[in-house]
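Just so you know, ligand 1 is whichever comes first in the structure, and atom 1 is the first atom listed for that ligand.
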Amino acid sequence: MKRLKTLTSTLVLAASLSVTALSTASAQSLPPLEKKDQYKVGFAQMESNNPWRIAETKSFKDTAEACNWDLITTDAAGSAAKQVSDVDSMIAQGIDVLFLPPREEKPLIAAVMRARAAGIPTFLVDRSVDKNVAKAGEHFVAFMGSDFIEQGRRAAEWTLENFKGDKGVIVELEGTTGSSPANDRKKGFDDVMAKHDNMTIVASQSGDFARDLGRQVMETLLQAHPDVNIVYAHNDEMAIGAIQALELAGRKPGEDVLIVSIDGTRDALQAIIDGKMGVTVESSPFFGPLACDVMQRYADGEKIEPWVQVKDRIFTKENAAQFIDEAY
Ligand code: AHR
């Protein structure tokens with residue numbers, strides 16, 4: 001009995017200690033950024049297998065000189081685990097500030113927490129982590145990026161306005177499973193479509209934001225759903241892959257299948273000009289200058305808004321030719 005009491009009080013003590021440790025950790029303030037002439041900046045890219053990612057990395061590299069950064073970049077080659085270890089290695093190299101586009105919402109939380117514990121202010125770029133666990137203004141300084149739910153919603157609204165048939169048979173190509181743009185672009189689009197009885201999403205499958213996988217997934221889904229007349233892809237690379245699959249199957253994208261997408265790449269704008277794609281809602285990869293500005297404001301002691309929101313345009317046959325020269 002005595003042993004049981006001792007064990008119980010030990011457990012109670014351990015529990016209260018861990019609660020204290022947790023509240024101390026969450027009360028910990030964000031690491032400050034001292035004012036310096038030059039900063040050692042880490043940009044931990046997730047992959048470089050599409051024009052969007054390449055343009056984003058280039059934007060950081062182009063900004064490095066203007067913003068006087070000593071820039072370290074890494075490429076996690078599509079692995080969240082490698083992205084975490086890339087951040088660890090940047091911490092070991094003594095970066096002053098971290099810019100991180102987290103490949104997936106959950107696995108990259110560890111990297112955010114370790115950067116904060118090492119006293120490094122972190123800015124999430126273009127994608128976010130699970131906001132219920134890691135919070136802007138507490139675990140990282142801010143999230144800089146688009147409203148992905150709104151992008152999905154705009155894609156759905158454009159579809160409703162421009163689909164000419166009676167019943168929409170929709171195939172959805174999702175981005176990387178567990179990533180914030182895949183989760184949010186799906187929510188934004190599906191919620192709008194759910195309110196319209198003439199629209200049915202007959203299949204929704206991940207193509208990992210990649211052209212080739214988008215093509216393969218579309219080939220498979222076409223067998224099961226030959227009556228598809230709308231394809232909604234979470235990014236342009238998968239949309240282009242879907243166009244290839246449809247053409248191989250003798251279909252006419254832009255005529256008998258409406259193609260709806262997100263990003264605004266050069267290939268997508270060309271596909272719009274060629275009449276094969278209907279719309280792409282912009283999601284800009286050009287984060288370098290914004291990163292420089294936000295970081296400087298933080299070093300000046302300004303309180304940074306938790307979400308530094310990027311406003312997106314929409315590209316259709318009305319304006320694609322006007323913007324193709326600035327596309328990537
Ligand atoms: O996080 C933004 C998304 O990631 C882009 O839409 C996509 O093309 C990229 O890989």
Worksheet item: Crowded around Lys186 NZ? As in, over 12 foreign heavy atoms under 6.0 Å?
Response: yes
Discussion item. Does the plane of the ring in Phe43 sit parallel, tilted or perpendicular to the ring in Phe60? Use 30° and 60° as the thresholds.
Written reply: parallel
Discussion item. Students should find this: residues with any non-hydrogen atom under 4.0 Å from ligand 1. What is the answer?
Written reply: Asn50, Trp52, Arg53, Asp126, Arg127, Pro181, Arg185, Asn235, Asp263
Item to complete: Decide whether His234 and Gln151 meet the rule of one side-chain donor and one side-chain acceptor closer than 3.5 Å.
Response: no
Worksheet item: Leu33, Trp69: one ILVMFWY side-chain cluster at the under-4.5 Å cut-off?
Response: yes
Worksheet item: What is the ring orientation for Tyr232 with Phe189, classed by angle as parallel under 30°, tilted 30 to 60°, or perpendicular over 60°?
Response: parallel
Worksheet item: In terms of the angle between their ring planes, are Tyr328 and Phe286 parallel, tilted or perpendicular, with boundaries placed at 30° and 60°?
Response: perpendicular
